[in-house]
Amino acid sequence: MSEETILELRDLSIRFGNQQVLNQVNLKVNRGEIIGYIGPNGAGKSTTVKIILGLLNQYHGEVFIFGKSTRDEPVDYKRKIGYVPENGEIYDDLTALEYIQFIGQMYGMEEREIDSKLDALLEKFDLTKVKHTKIASYSKGMKQKLLIIASLIHNPDLLFFDEPLSGLDANSVIVIKELMDQLAQSGKTIFYSSHIMDVVEKISDRIVILNKGEIIADGTFNDLQAQNKDGTLEQIFNQLTGFDQHEKTALDIVETIQGAD
Ligand SMILES: Nc1ncnc2c1ncn2[C@@H]1O[C@H](COP(=O)(O)OP(=O)(O)OP(=O)(O)O)[C@@H](O)[C@H]1O
C-alpha cells in the first residue's frame, strides 16, 4: 500500500462552552486505507468530521487534506471529498434525478455525465423505478442509498461514511461492504464511522477509538487484540472505554419500567 498521507489531523481541539469535545487529536490516514473511527456516543466523532469538512471553524490545531492545510485551501479540496452524513438531510421535494443533478452540478460536473452515471448507479442500487419520484415517498433504506450515490457521483478520492448502512437491508449491506473494499483497493481512502462493531472489525484496515475527545487506541484489529485481552472488537471497545455495566444498566431500566412494588 502506498504511504501517501491523504488526511492529517494535527493537535485538533475544540470546546463547546465548558465542554472540551476534542483534545489534541493527532491522526494520519494513508491513501487506500479504510479507517474505522469509533467511540461511544458523544465521544466527538461527528465533530471531527464536521471540522475536516469545514462545517465548524472555532477549533484549534490544523487539518491537512491531500497535503494542504484546509485553512489555506478552504474550498478546492471539497471537490475530492464525498460525505454520507449520519442524519442526512435530503431535499424531500426533489426527485432522485433533480437531487443528484443538483449535487453533481455543485461539484462542477456536466449534466449529461451526471445523468448517465446516475442511470447506471440507480440500476445497481435497484432505484431505477423511482428516478422521477419525489424523495418524500422513499423508504429509509432508499433515501440512504440515494445519499450514498450522492457521495460517490463525482468520483471523490476521500470518503466520509457516518453510519452508511443505516436502514439498509441485508443484501444492500453486503453490497456496500464490498463496495467500500473495492473503492479502497482502487486507491480511495475511507473514513468510516459506525457503532456496528462486527462490520467495523471486518472492513477496517485500521481502527481508531475515540473516547471523551481523545484517541485511546489506533491500530489494526490484530494490533488491538494483541494489546488487549483478545476478544471481539465489541469486547475490546467495552474494555477500553471502561464499560462493563451493561447487565446492571439493563436491569436498572427494567426495574424502573416495572416500578417499585
Ligand atoms: N454545536 C454544538 N454545540 C454544543 N455542543 C455540541 C455541538 N456539537 C456537538 N456537541 C457536543 O459535543 C459532544 C460530541 O458530539 P459528537 O456529535 O461529535 O459525538 P459523536 O461521537 O459523533 O456521538 P454519536 O455516536 O452519538 O453520534 C457531545 O457532547 C455533543 O453534545
Side-chain angles (χ1 to χ4, degrees), residues 7-27 29 33-63 65 70-71 74 78 81-90 140-141 143-144 147-148 151 158-168 173 176-177 180 189-204 206-219 221 224 232-246 249-250 253:
L7 168 67
E8 182 177 356
L9 309 181
R10 262 188 224 165
D11 293 329
L12 207 60
S13 298
I14 190 167
R15 296 178 73 88
F16 290 117
N18 290 332
Q19 192 189 1
Q20 188 74 43
V21 170
L22 292 177
N23 188 19
Q24 306 267 308
V25 170
N26 285 285
L27 186 64
V29 182
E33 271 187 324
I34 301 180
I35 294 283
Y37 193 64
I38 60 177
N41 291 135
K45 303 178 298 294
S46 299
T47 301
T48 311
V49 173
K50 284 180 192 160
I51 292 174
I52 296 169
L53 295 174
L55 303 174
L56 286 172
N57 49 27
Q58 72 275 34
Y59 62 91
H60 292 278
E62 209 153 359
V63 177
I65 295 189
T70 56
R71 291 194 198 274
K78 292 185 187 171
I81 287 181
Y83 178 38
V84 176
E86 186 179 13
N87 297 307
E89 287 298 321
I90 197 159
K140 180 166 169 34
K143 282 186 191 173
Q144 189 65 17
L147 282 170
I148 292 171
S151 76
L158 174 58
L159 281 151
F160 292 88
F161 281 164
D162 201 346
E163 293 293 3
L165 308 179
S166 172
L168 297 186
V173 165
I176 302 301
K177 278 161 53 179
M180 285 198 271
T189 306
I190 301 178
F191 198 91
Y192 175 53
S193 220
S194 172
H195 293 292
I196 309 172
M197 292 295 134
D198 56 336
V199 179
V200 175
E201 180 184 316
K202 286 198 188 80
I203 195 92
S204 309
R206 208 172 119 202
I207 296 167
V208 173
I209 304 182
L210 190 72
N211 192 33
K212 297 179 184 152
E214 296 187 2
I215 291 179
I216 57 167
D218 180 353
F221 177 57
L224 299 194
T232 62
L233 180 59
E234 184 177 72
Q235 288 164 332
I236 293 170
F237 179 89
N238 289 345
Q239 190 187 321
L240 286 175
T241 56
F243 187 73
D244 56 5
Q245 298 290 308
H246 42 282
T249 303
I253 293 170

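Worth knowing before you read on, the calculation uses all heavy atoms, side chains too, and leaves out hydrogens, waters and symmetry mates. For this chain, numbers begin at 1 and follow the sequence in order. Whatever order the structure lists them in is the order used to number ligands and atoms, beginning at 1. Remember, it's a predicted structure, so these values are computed and weren't measured experimentally.
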Ring-ring centroid check Tyr192 Phe161, cutoff 6.0 Å
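When the ring centroids of Tyr192 and Phe161 are compared, they turn out to be at least 6.0 Å apart.
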Would you find a donor on one side and an acceptor on the other, under 3.5 Å apart, between the side chain of [X] and the backbone of [Y]?
X: Glu201; Y: Leu233; result: yes
X: Ser204; Y: Ile34; result: no
X: Gln20; Y: Leu22; result: yes

Examine Gly39 against ligand 1 and note whether any of their N/O atoms are separated by less than 3.5 Å.
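No - when backbone and side-chain N and O of Gly39 are compared with those of ligand 1, no distance drops under 3.5 Å.
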Tell me the protein heavy atom at minimum distance from [atom], and give that distance in Å.
atom: atom 23 (O) of ligand 1; answer: Gly42 N, 2.8 Å
atom: atom 16 (P) of ligand 1; answer: Thr47 OG1, 3.6 Å
atom: atom 29 (O) of ligand 1; answer: Gln19 NE2, 2.9 Å
atom: atom 12 (O) of ligand 1; answer: Val21 CG2, 3.2 Å
atom: atom 17 (O) of ligand 1; answer: Ser46 CB, 3.7 Å
atom: atom 7 (C) of ligand 1; answer: Phe16 CE1, 3.4 Å

For Glu86, take its heavy atoms, then give the atoms of ligand 1 lying under 4.0 Å from any of them.
27 (O)
Does at least one non-hydrogen atom of His195 fall below 4.0 angstrom from an atom of ligand 1?
yes
Check the orientation of Phe160 and Tyr83. Use parallel for under 30°, tilted for 30 to 60°, and perpendicular for over 60°.
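The rings of Phe160 and Tyr83 stand perpendicular, inter-plane angle above 60°.
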Flag yes if more than 12 heavy atoms outside Gln239 fall under 6.0 Å of its CD atom; otherwise flag no.
yes
Check for me whether Arg10 meets the cation-pi criterion with Tyr59, that is, NZ or CZ under 6.0 Å from the six-membered ring centre and within 45 degrees of the ring axis.
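Here Arg10 fails the 6.0 Å and 45° test against Tyr59.
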Show the numbers, then the answer: is there a side-chain contact (heavy atoms from CB on, under 4.5 Å) between Ile148 and Leu168?
CA-CA 11 Å; Ile148 292 171; Leu168 297 186; 4.2 Å; yes
Structural part of Asn41 in contact with ligand 1, heavy atom criterion under 4.0 angstrom
both
With a 4.0 Å cut-off, strictly under, does atom 2 (C) of ligand 1 pick up any protein heavy atom?
yes
